[in-house]
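Only heavy atoms go into these numbers, but all of them, side chains included; no hydrogens, no water, no symmetry mates.
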Amino acid sequence: MAVFETSRALTEGARFNPTTLFTRIAGAVMAWNDRRMTRNALSSLTARELEDIGLSRGDIANM
């Protein structure tokens, strides 16, 4: 899995930088996909398994 640095400080004014824009978009898409996969995995667990890890069905939507 690739890692993108998305927390760079702005330098000398805010100039348009396509590389930074792409990096931020790619980072946002990857974070969204990670959350989606986590929700899907948790949704497949039984109520007992969720209870074992300290979650309920209502907690899944907040992830």
Side-chain angles (χ1 to χ4, degrees):
M1 180 173 168
V3 175
F4 294 94
E5 179 62 43
T6 60
S7 59
R8 285 197 255 164
L10 291 176
T11 60
E12 303 178 21
R15 288 183 243 161
F16 177 73
N17 184 345
T19 303
T20 303
L21 178 63
F22 173 76
T23 301
R24 293 184 75 179
I25 291 171
V29 169
M30 290 185 336
W32 167 82
N33 192 49
D34 288 344
R35 288 189 308 271
R36 181 187 67 83
M37 290 173 51
T38 300
R39 284 191 304 268
N40 287 343
L42 290 172
S43 293
S44 69
L45 298 178
T46 65
R48 173 62 188 219
E49 291 169 329
L50 287 172
E51 184 181 333
D52 285 345
I53 60 174
L55 295 174
S56 67
R57 291 262 173 233
D59 295 332
I60 295 173
N62 296 330
M63 298 190 155

Once rounded to the nearest 0.5 Å, what's the spacing between atom CG of Leu45 and atom CG of Leu50?
5.0 Å
Rounded to the nearest 0.5 Å, what's the gap from CG on Leu42 to OG1 on Thr38? Could you check?
6.5 Å
Step-by-step side chain to side chain contact (heavy atoms under 4.5 Å, CB included) determination, Asn33 to Met30
CA-CA 5 Å; Asn33 192 49; Met30 290 185 336; 5.7 Å; no
Exercise: identify the closest heavy-atom pair between Asp59 and Gly54
OD2-O, 4.3 Å
Let me check something: do Ile60 and Ile53 share a hydrophobic cluster, defined by ILVMFWY side-chain heavy atoms less than 4.5 Å apart, either directly or through other members?
yes
